[in-house]
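Worksheet for the structure shown next.
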Amino acid sequence: MPIHRILTLLPSKKLEKSDNYKVESYLADDFTKTLKGYDLVVLHQLPSLTNKISKILEEIKKNETPVMFILGAQTNYNAFNSLNAGLSVSPGKSLQNEALAVINSNFPLFTINEETKLFAGDLPPLNAAFGTYKITNSANVLFYQKIGSVATKQPLILFNQQGNSRSCVITGDGIWRWKLADYMQHQSHDIFNELLGKFVQYLAVSEDRSFFRVKGENNYYENESIEFSAELYNDSYELINT
């Protein structure tokens with residue numbers, strides 16, 4: 001896996017650093033550089049009610065930079081809804097739900113191992129906006145929201161692609177709790193880091209490769225057996241062995 005350069009514009013929390021990606025964190029008002037050279041931008045409750053980050057959003061659109069949105073109480077939903085992230089949200093009157101995660105068993109973009117699927121049922125809730133969620137046809141939901149005992153079709157985490165632009169939307173704040181829960185249950189952060197790594201790999205992958213590739217020789221002798229081999233990849237360029 002290549003080393004990805006990630007910019008996080010968020011109040012305090014940072015992505016876990018690893019050998020596979022380098023993270024730089026800024027408050028939005030303090031970031032004055034260009035986005036060129038970054039493989040992914042993480043926007044924590046941005047655009048917000050007090051900071052529209054118009055210049056940053058324009059550069060993201062111009063450069064088709066992959067972006068991860070983490071929504072929360074400070075999010076300006078009218079501004080967010082105009083960004084073609086695969087989702088629009090009409091929140092209620094400043095209300096939030098504690099939303100548990102329900103995995104989508106038909107999620108097609110990358111694979112989730114069985115340990116992560118089992119752990120999904122033990123993940124603590126995120127604080128998601130109460131309101132109306134509309135998902136576009138281009139989006140794929142990884143986790144739905146479960147409110148109390150009711151499993152809904154409202155997205156908790158989804159991915160979207162418009163042209164060459166890829167995005168992820170985490171509709172609730174507090175995903176750092178998942179990392180703590182992983183350590184409490186397994187005495188490591190392996191599941192959380194593996195899941196986050198899948199997000200980064202899907203969003204930041206830049207190689208122009210075909211999903212189905214056939215290999216064979218250009219020429220064969222008349223008495224030689226002709227053999228071909230093939231490989232099939234999903235949207236994250238993970239080899240599908242099934």
Side-chain angles (χ1 to χ4, degrees), residues 1 8 10 13-18 20-21 40 42 44-45 68-73 75 85-87 89 91-92 95-136 138-161 166-203 234-236 238-242:
M1 182 177 176
T8 65
L10 31 73
K13 303 297 178 185
K14 297 182 181 181
L15 283 172
E16 178 72 15
K17 293 185 179 180
S18 81
N20 294 322
Y21 40 88
L40 173 63
V42 180
H44 189 277
Q45 303 194 51
M68 178 187 295
F69 297 94
I70 301 176
L71 308 185
T75 298
L87 174 71
V89 183
L95 296 177
Q96 288 189 313
N97 285 322
E98 288 194 339
L100 298 166
V102 177
I103 197 165
N104 176 13
S105 58
N106 296 317
F107 182 73
L109 300 183
F110 48 80
T111 58
I112 301 294
N113 63 39
E114 290 302 318
E115 188 177 15
T116 302
K117 291 179 182 179
L118 291 173
F119 184 50
D122 297 326
L123 291 171
L126 305 184
N127 297 318
F130 170 82
T132 302
Y133 293 73
K134 293 184 179 179
I135 307 170
T136 65
S138 59
N140 287 280
V141 178
L142 173 59
F143 291 111
Y144 290 102
Q145 295 183 25
K146 182 178 180 182
I147 310 300
S149 60
V150 179
T152 75
K153 286 300 181 182
Q154 297 182 157
L156 188 62
I157 297 179
L158 63 77
F159 294 81
N160 186 60
Q161 180 163 355
R166 289 184 173 185
S167 61
C168 169
V169 182
I170 302 174
T171 62
D173 186 24
I175 198 170
W176 51 269
R177 298 171 187 159
W178 291 11
K179 180 178 179 179
L180 298 182
D182 187 15
Y183 190 83
M184 287 180 65
Q185 185 162 328
H186 306 108
Q187 288 71 57
S188 75
H189 301 127
D190 292 347
I191 293 179
F192 178 83
N193 289 341
E194 189 266 347
L195 185 62
L196 190 64
K198 295 279 188 177
F199 295 1
V200 173
Q201 183 178 357
Y202 171 76
L203 292 169
N234 62 20
D235 285 10
S236 289
E238 297 174 317
L239 183 63
I240 300 173
N241 294 318
T242 54

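The residues of the chain are indexed from 1 along the displayed sequence.
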With sequence neighbours excluded, tell me which residues meet side-chain hydrogen bond (donor to acceptor under 3.5 Å, both in side chains) with Glu115.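 In terms of side-chain hydrogen bond (donor to acceptor under 3.5 Å, both in side chains), with neighbours along the sequence ignored, Glu115 is linked to no residue.
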Give a yes or no on whether Glu98 atom CD has more than 12 heavy-atom contacts from other residues, nucleotides or ligands under 6.0 Å away.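 At most 12 heavy atoms, drawn from other residues, nucleotides or ligands, come within 6.0 Å of this atom.
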Using the side chain to side chain contact (heavy atoms under 4.5 Å, CB included) criterion, which residues pair with [X]? Sequence neighbours excluded.
{"X": "Asp182", "value": "Phe119, His186, His189, Ile191, Phe192"}
{"X": "Asn160", "value": "Thr136, Ser138, Ala139, Gln162, Ser167"}
{"X": "Ala120", "value": "Leu123, Phe143"}

For the atom pair [atom1] ([X]) and [atom2] ([Y]), what is the distance rounded to the nearest 0.5 Å?
{"X": "Ile170", "Y": "Leu71", "atom1": "CD1", "atom2": "CG", "answer": "9.0 Å"}
{"X": "Phe107", "Y": "Ile112", "atom1": "CZ", "atom2": "CD1", "answer": "7.0 Å"}
{"X": "His44", "Y": "Ile70", "atom1": "NE2", "atom2": "CD1", "answer": "5.0 Å"}

With the side chain counted from C-beta on, respond yes when [X] and [Y] share a heavy-atom pair under 4.5 Å apart, and no when they do not.
{"X": "Ile147", "Y": "Phe130", "value": "no"}
{"X": "Asn104", "Y": "Leu142", "value": "no"}
{"X": "Leu40", "Y": "Phe199", "value": "no"}

With sequence neighbours left out, which residue pairs that include part of residues 123-132 fulfil the side chain to side chain donor-acceptor pair (under 3.5 Å) condition? none
Pairs meeting criterion salt bridge (Lys or Arg N to Asp or Glu O under 4.0 Å) with involvement of residues 117-128, two or more places apart: Glu114-Lys117
Evaluate side-chain contact (heavy atoms from CB on, under 4.5 Å) for Thr75 paired with Phe69, printing each intermediate quantity in order. CA-CA 10 Å; Thr75 298; Phe69 297 94; over 6 Å; no
Donor-acceptor contacts, no H, no angles, side chain residues 149-159, under 3.5 Å, sequence neighbours left out:
from	atom 1	to	atom 2	distance (Å)
Thr152	OG1	Gln145	O	2.7
Thr152	OG1	Gln154	N	3.1
Gln154	NE2	Gln145	OE1	3.4

Please determine whether side-chain contact (heavy atoms from CB on, under 4.5 Å) holds for the pair Thr111 and Lys198, giving the CA-CA distance in whole Å, both sets of side-chain angles, and the decisive distance to 0.1 Å. CA-CA 8 Å; Thr111 58; Lys198 295 279 188 177; 3.2 Å; yes
Main chain of Pro125, side chain of Arg177: is a donor-acceptor contact present, judged purely on distance under 3.5 Å? yes
